[in-house]
Amino acid sequence: MRTILLVEDEETISRVLTVYLKHEGYEVLQAFDGKSALHMFTEHTPNLVLLDVMLPDRDGWSILQEIRENSSCPVIMLTALGDIDYRLKGLNQGADDYITKPFIGEEVIARVNAVLRRSANVLETDNIKQYGSLSLNLDSHVVKINGEHVVLTPKDLSLLFFLAGRPNRTFTRDNLIEQVWGLDYDGSERAVDLAIKRIRQALASWPGSQGEIRTLRGLGYQFCVYEK
């Protein structure tokens, strides 16, 4: 049974979402503040986190940042803030999705199911691809640079593996959304740009002489590998 960590300080909302999630077959852990949320996350290693932005002791952004420093667990942000700047902030910091209050339980379930499907949709093969000091294990889903583990969100990992599995080929945003986000994705193409930005930051120690993710203006993105 997959486990959802629900971090929501409004008990009524938390109670209602818990009923919906349990009815869908998920085990639910409830946290009502940031401190207990991080404790539960460390103790139970959930499959996904539903994280409210406004909490009594600290905001969801700082919790998201702490999770991303150590884990690629999918995170969906919950907030009453509908402004596009907040949406982009969450996506840029590594959130996998963003749901604005008020919402209905069925919407949350659909988003949770979609994010978990995408996080599982990583290329699975026996191969370990080596591009200079960059190592991609497409079976265990591990990325390393000079032997050091690189932490990526499931979505970013899927995007990196898709591109790296087809080096020196160019893909448009539409191509990448279809292949990585899936046909059920109804968000903005901007999500691709933000994911590429995060991947580049994560791979900052990969020498540019060995390869890079290039932007081809008007065309799309390309995982370039340079021969020695």
Colleague: Counting only heavy atoms not in His44, do more than 12 fall under 6.0 Å of its NE2?
Modeller: yes
Colleague: For Thr3, does its backbone N or O pair with a side-chain atom of Asn47 as donor and acceptor, under 3.5 Å?
Modeller: yes
Colleague: Asp59 side chain to Ser62 main-chain N or O, any donor-acceptor pair under 3.5 Å?
Modeller: yes
Colleague: Is Gln210 reaching over with its side chain to a backbone N or O of Ser133, donor-acceptor style, under 3.5 angstrom?
Modeller: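 The answer is yes, because a donor-acceptor pair under 3.5 Å joins these two groups.
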Colleague: Quick test of your reading: applying ring-ring contact (aromatic ring centres under 6.0 Å, His included), list the pairs with at least one residue in residues 3-36, sequence neighbours left out, ordered by first then second residue.
Modeller: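 Matches after skipping sequence neighbours: none remain.
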Colleague: Could you tell me whether the side chain of Arg2 and the main chain of Leu116 form a donor-acceptor pair under 3.5 Å?
Modeller: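 No, the answer is negative, given that no donor and acceptor are paired below the 3.5 Å cut-off.
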Colleague: At their closest point, which heavy atom of Asp97 faces which heavy atom of Val115, and how far apart are they?
Modeller: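 Looking at all heavy atoms of both residues, the closest pair is CB-CG2, 4.0 Å.
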Colleague: Do the side chains of Glu178 and Arg173 get close enough for a salt bridge, i.e. N-O under 4.0 angstrom?
Modeller: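 Salt bridge flag = no for Arg173 with Glu178.
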Colleague: Check this for me, if you would: do Arg68 and Asp96 make a salt bridge, where the nitrogen-to-carboxylate-oxygen distance has to be below 4.0 angstrom?
Modeller: yes
Colleague: Do other residues, nucleotides or ligands put more than 12 heavy atoms under 6.0 Å from the CD atom of Glu148?
Modeller: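 Atom CD in Glu148 is not packed in, count stays at 12 or less.
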Colleague: Within the 4.5 Å heavy-atom criterion, are Ile99 and Met77 side-chain neighbours or not?
Modeller: no
Colleague: Would you call Lys101-Asp52 a salt bridge at under 4.0 Å N-O?
Modeller: yes
Colleague: May I ask you to say whether Asp57 pairs ionically with Lys35, meaning some side-chain N is under 4.0 Å from a carboxylate O?
Modeller: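 No, Asp57 and Lys35 are not salt-bridged.
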Colleague: Transitively linked via ILVMFWY side-chain contacts under 4.5 Å: Phe103 with Val112?
Modeller: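 In one cluster with Phe103: Val112, yes.
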Colleague: Would a distance-only check, ignoring hydrogens and angles, find a side-chain to backbone donor-acceptor pair under 3.5 Å from Arg200 to Ile213?
Modeller: yes
Colleague: When you measure from the side chain of Glu8 to the backbone N and O of Glu10, does any donor-acceptor pair fall under 3.5 Å?
Modeller: yes
Colleague: Judged by atom type as modelled, is there a donor-acceptor pair below 3.5 Å linking the side chain of Thr42 to the main-chain atoms of Leu38?
Modeller: yes
Colleague: For Phe223, check ring pair (Phe, Tyr, Trp, His ring centres under 6.0 Å) against everything at least two apart and list the hits.
Modeller: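 If we apply the ring pair (Phe, Tyr, Trp, His ring centres under 6.0 Å) test to Phe223, skipping adjacent residues, the hits are Tyr131, Trp206.
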Colleague: Let me check something: do Val151 and Leu134 share a hydrophobic cluster, defined by ILVMFWY side-chain heavy atoms less than 4.5 Å apart, either directly or through other members?
Modeller: no
Colleague: Is the positively charged end of Arg166 above the ring of Phe162, judged by distance under 6.0 angstrom from the centroid and angle within 45° of the axis?
Modeller: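 Here Arg166 passes the 6.0 Å and 45° test against Phe162.
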Colleague: State, to 0.1 Å, how close Asn168 and Val225 come at their nearest heavy-atom pair, and which atoms those are.
Modeller: OD1-N, 3.0 Å
Colleague: Under the 3.5 angstrom rule, does the side chain of Gln130 hit a backbone N or O of Gly132 as a donor-acceptor pair?
Modeller: yes
